[in-house]
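Within every chain, numbering begins at 1; the chains are lettered A, B, ... in the order of the sequence lines, protein sequences first and strands thereafter. These numbers come from the heavy atoms of this one structure, side chains and all, not from hydrogens, waters or symmetry mates. From a predicted model like this one, the values you see are computed outputs, not experimental measurements.
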There are 2 protein chains.
Amino acid sequence: MGATLASIPIPSTVQTLADQVFEALQSAIITGDLKPGEKLREPELARRFGTSRGPLRDALRRLEGRHLVTNTPNTGARVVSLSHGQLLDLYHVREALEGMTCRLAAEHMTDSEVDELASLLDRHESEIQRKEGAEYFQQEGDLDFHFRIANGCKNDLLRSALCEDHYQLMRLYRYKFSSRLGRPRRALEEHRMILGAIRDRDGELAELLMRRHIRNARKMFEKNLEGDLAKQDATKQDSVNK
Amino acid sequence: MGATLASIPIPSTVQTLADQVFEALQSAIITGDLKPGEKLREPELARRFGTSRGPLRDALRRLEGRHLVTNTPNTGARVVSLSHGQLLDLYHVREALEGMTCRLAAEHMTDSEVDELASLLDRHESEIQRKEGAEYFQQEGDLDFHFRIANGCKNDLLRSALCEDHYQLMRLYRYKFSSRLGRPRRALEEHRMILGAIRDRDGELAELLMRRHIRNARKMFEKNLEGDLAKQDATKQDSVNK
DNA sequence: TATCGCCAGATTGTTAACAATTCTATTGAA
DNA sequence: TTCAATAGAATTGTTAACAATCTGGCGATA
């Protein structure tokens, strides 16, 4: 698996219609084309993807399994919409899973994978130079770092839990979720320390550093949260005053 | 809005056909009625559950999301069959998730939940007295301990990842997976230490002890594995000699 | 004898119609 | 004006038939 971007899946030539709809739907959700909380009407989506309701329902069930869609009987499906508390929950899961993943990656990554990880960080360094503007790509780059570690741990259950499940959720909320958010240099520094531990094949340290890295991101998220709430209160005040 | 009565959730009776098939299938897999690796033919199963293929396929997709069923396009579904390596992978995931879960449980469990956990361990104590024989129930009891901690962590993402996903897999392989396997007293002792840390509201220690507990179970599993392999070699030798 | 290709049966993928449930807008009464 | 009841529309759940694909056995050929 030598894809340049770990997030791009290699489509197998034998693909069922439900597979295609699944990927198209997931893509639409993650890019924000379908927004969190939005109702997913089967007839409408089936027309949109040029298929019937059968494969579409199949795709919806799979997305439900990946927590990107919620379904209530007889009422229908919606794009998942996470509360602030649930986003915090997700941080705790990440801390646990990625910590272990990083430990195993330190033990099992090939030397060439480590080298690629190093050059990825060099690229991030230069990207940070030309500051803001490309914030979107910085966020995807941040995720790419975590992706590669997941792919290096050689535990397929962990890899799929992160890459196919939790990372997709994080991309959906990436504007709130990037570990670099508001601290790109600091995050890059933490990434470099993690890389160092992996290079030293020090699994214990690698786990500790990754967990601290994600904890720091969570604390930053909590701070932003307080800011957002204050702002929301302010605008509410405004609308009342009008 | 509808009648006030309609607002009362009636979870078990308001069930779609696909829900029922899902539960029946999951139950059949976990009890071993459908064995690991067994082919799941849609027409046959649909007849068996008295429904059509639609809801059945729906149920299969959900079970696929929970890693209890694997599906290959145009070929069909099978009950999942984990290799020894994948079982080891599962131990690592458990160590990560249950460690964090136990930390959060120590912080967030209610006092009454802690008390119930304590009385559960007392019951296990007496069950161990009347030795073997009831090994099945001992294994389910072991799982019950972990279940309750998952329910006490108050992080729904963690709870569902464990209770609805990984624990079901473990039940499928319970004969290989019980943390008490071959060491019931020792496991109970570890459970008591974990309970102590939770009672002290010492999250850090609770996580550390739970991780050690699962690591110990993994090591025991690995030992059994070597034994099994030796035995397999022996029988292989026998069959050759015949 | 081994290998390849082909055919029949079975199984999965897909579609469209039907049934059951929920949502919406209108009406009528307090 | 507000609320509740209701009828119709829209949506989801389910079924059965049709299409595409795979499996396994048979015979032809080298």
| message | Can you confirm whether A:L172 sits close enough to A:P36 that some side-chain heavy atom of one is under 4.5 Å from a side-chain heavy atom of the other? | response | yes

| query | Going by heavy atoms in the side chains, are A:F49 and A:L17 under 4.5 Å from each other? | reply | no

| Among pairs that include at least one residue of residues 63-89 of chain B, which meet salt bridge (charged side-chain N to carboxylate O under 4.0 Å, His left out), considering only residues two or more places apart or in two chains? | B:R61-B:E64, B:R66-B:E164

Any carboxylate oxygen within less than 4.0 angstrom of a Lys/Arg side-chain nitrogen, looking at [X] and [Y]?
X      : Y      : result
A:E113 : A:K154 : yes
B:R218 : B:E98  : no
B:R123 : B:D144 : no

For [X] and [N], give me the distance from atom [atom1] to atom [atom2], rounded to whole Å.
X     : N      : atom1 : atom2 : answer
B:N74 : D:dC22 : CG    : C1'   : 8 Å
A:D19 : C:dG13 : CG    : P     : 9 Å
B:R78 : C:dT12 : CZ    : P     : 10 Å
A:N71 : D:dG13 : CG    : C1'   : 11 Å
A:L17 : C:dT12 : CG    : C1'   : 13 Å
B:Q15 : D:dT14 : CD    : P     : 11 Å

| query | Looking only at side-chain N and O atoms, does B:T16 come under 4.0 Å of OP1 or OP2 in D:dT14? | reply | yes

| Would you say a side-chain N or O of A:T75 is under 4.0 Å from OP1 or OP2 of C:dT21? | no

| task | Begin from the C-alpha positions of A:L162 and A:H146 and carry the test side chain to side chain contact (heavy atoms under 4.5 Å, CB included) through to its verdict. | result | CA-CA 9 Å; A:L162 288 173; A:H146 293 265; over 6 Å; no

| message | Short of 4.0 Å, heavy atom to strand atom, which residues of residues 34-42 of chain B count as contacting DNA chain C? | response | B:K39, B:L40, B:R41, B:E42

| remark: Ordered by number, residues from residues 51-69 of chain B within less than 4.0 Å of DNA chain C (heavy atoms) are B:R53, B:R57

| Steps toward side chain to side chain contact (heavy atoms under 4.5 Å, CB included) verdict (B:L40, B:V79) | CA-CA 7 Å; B:L40 298 172; B:V79 179; 3.9 Å; yes

| Does A:R62 make a cation-pi contact with A:F22, if we ask for NZ or CZ under 6.0 Å from the ring centre and within 45° of the axis? | yes

